[in-house]
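Shown next, in structure tokens, is the structure this report addresses.
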Amino acid sequence: MRLRGLATDPLAFGSVVAEESQRPPEFWQERVQRGASAPDSSLWVLGRPYGPFLGTVTVSRVEGRFQVFGMWLDPALRGRGWGSRLLDTALRWFDRAAPGTPLTLEVNPRQGPAMALYRRRGFRPTGETRPLGHTAGEFVVELVRRPKTSGNARRGPSATSRAWPSHPPQGSRAPAPRRRPRYRP
Ligand SMILES: CC(C)(COP(=O)(O)OP(=O)(O)OC[C@H]1O[C@@H](n2cnc3c(N)ncnc32)[C@H](O)[C@@H]1OP(=O)(O)O)[C@@H](O)C(=O)NCCC(=O)NCCS
């Protein structure tokens with residue numbers, strides 16, 4: 001599914017098929033095993049037990065922060081609410097596993113349905129952006145879903161009232177990176 005996702009939606013993710021298709025089976029096994037059993041990681045798959053697998057999303061703690069990675073749905077199923085259900089399932093797990101914790105992700109604002117989905121689920125721009133890396137001119141924005149009642153976790157009104165980002169028109173410049181690269185979704 002990961003390789004299919006990179007092929008069908010190359011601008012949605014931080015790596016490319018040519019790179020990830022080189023990974024050995026052990027890499028994928030370790031990733032699935034961690035997502036199935038680690039207390040701070042959860043990998044969800046939409047499909048039948050022995051396939052076909054039609055969609056996936058992962059929530060993992062990386063470098064001390066919980067993040068959403070690799071959200072993808074088979075193009076044939078899109079626009080019918082399956083992506084929303086998949087994300088809701090992961091969010092339910094997250095709210096039980098790490099209550100009161102912010103959840104972040106990075107998304108290319110060109111991915112309209114993903115942006116709509118994240119916004120509806122309470123994710124808001126932090127103002128951080130960085131280049132997508134493998135394609136010149138493309139960039140990702142960071143979104144955060146803050147706990148509803150967090151007392152001291154909020155950064156203040158600016159964290160939730162920023163303008164919703166949109167992708168610049170073709171040919172315009174992406175904003176300059178404002179933070180160092182991290183794990184690529
Ligand atoms: C993101 C993705 C998983 C959403 O799955 P989906 O099943 O199509 O989503 P849903 O049908 O649940 O709809 C989610 C939202 O997108 C909107 N949407 C769906 N299709 C759309 C389209 N073609 N254009 C604009 N918005 C659309 C829906 O209206 C909904 O928004 P709402 O909750 O405000 O009504 C799927 O589009 C996908 O795999 N995209 C490519 C990979 C990607 O962008 N991943 C994100 C990486 S960060």
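Order of appearance sets the numbers: ligands from 1, and atoms from 1 within every ligand.
Residue-ligand proximity, Gln111 to ligand 1, at heavy-atom distances under 4.0 Å covers atoms 41 (C), 43 (C), 44 (O). Atom numbering of ligand 1 starts at 1 in the shown order; those under 4.0 Å from a heavy atom of Ser84 are 10 (P), 12 (O), 13 (O), 14 (C). Each of the following atoms of ligand 1 lies closer than 4.0 Å to a heavy atom of Gly81: 10 (P), 11 (O), 12 (O). When each atom of ligand 1 is checked for a heavy atom of Ala114 under 4.0 Å away, the hits are 1 (C), 44 (O), 46 (C). Atoms of ligand 1 lying under 4.0 Å from at least one heavy atom of Ala12, given by number and element, are 42 (C), 43 (C), 44 (O), 47 (C).
At least one test fails for Arg4 against the ring of Phe53: distance under 6.0 Å to the centre or angle within 45° of the axis.
Some N or O of Arg120 is nearer than 3.5 Å to an N or O of ligand 1, by distance alone. Annotation: Pro113 places an N or O atom under 3.5 Å from an N or O atom of ligand 1; distance criterion only. Any N or O atom pair closer than 3.5 Å counts here, and Gly112 shares no such pair with ligand 1. Between Gly83 and ligand 1, at least one pair of N/O atoms sits closer than 3.5 Å. Of the polar atoms of Met71, at least one N or O is found under 3.5 Å from an N or O of ligand 1, judged by distance alone. Polar contact with ligand 1: present for Gly79 (N/O pair, distance under 3.5 Å). For ligand 1, the polar-atom distance check against Arg80 finds a nitrogen or oxygen pair separated by under 3.5 Å.
Put simply, part of Glu106 is less than 4.0 Å from ligand 1, judged by heavy atoms. For the ligand labelled ligand 1, residue Asp9 lies inside the 4.0 Å heavy-atom shell.
Proximity of Phe69 to ligand 1, defined as any heavy-atom pair under 4.0 Å, is not found for any part of the residue. Residue contacts with ligand 1, taken as heavy atom pairs separated by less than 4.0 Å, involve Arg78 via backbone and side-chain atoms alike. Counting heavy atoms closer than 4.0 Å to ligand 1, residue Arg85 contributes nothing at all.
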ask   = Which is it for Phe123 and Leu103 under the side chain to side chain contact (heavy atoms under 4.5 Å, CB included) test, yes or no, and what are the steps along the way?
value = CA-CA 8 Å; Phe123 287 88; Leu103 180 61; 3.8 Å; yes
Test salt bridge (Lys or Arg N to Asp or Glu O under 4.0 Å) applied to Lys148 and Asp95, step by step = CA-CA 11 Å; Lys148 285 198 179 87; Asp95 287 338; over 6 Å; no
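Panel note: side chain Thr56, backbone Trp44; a donor-acceptor pair is recorded below 3.5 Å. A donor-acceptor contact shorter than 3.5 Å is absent between the side chain of Arg121 and the backbone of Asp88. A distance-only check finds a donor-acceptor pair linking the side chain of Gln67 to the backbone of Val62 [under 3.5 Å]. For Arg124 (side chain) and Arg145 (main-chain N/O), no donor-acceptor pair under 3.5 Å exists by modelled atom type.
Phe69 and Val16 fall into different hydrophobic clusters, where Ile, Leu, Val, Met, Phe, Trp and Tyr side chains are chained together by heavy-atom contacts under 4.5 Å.
Pro125 has its side chain out of reach of Val141: every pair of non-hydrogen atoms, C-beta onward, lies at least 4.5 Å apart. Put simply, the side chain of Arg2 reaches to within 4.5 Å of the side chain of Arg31, judged on heavy atoms.
We find the CZ-OG distance between Phe66 and Ser41 to be 8.5 Å, quoted to the nearest 0.5 Å.
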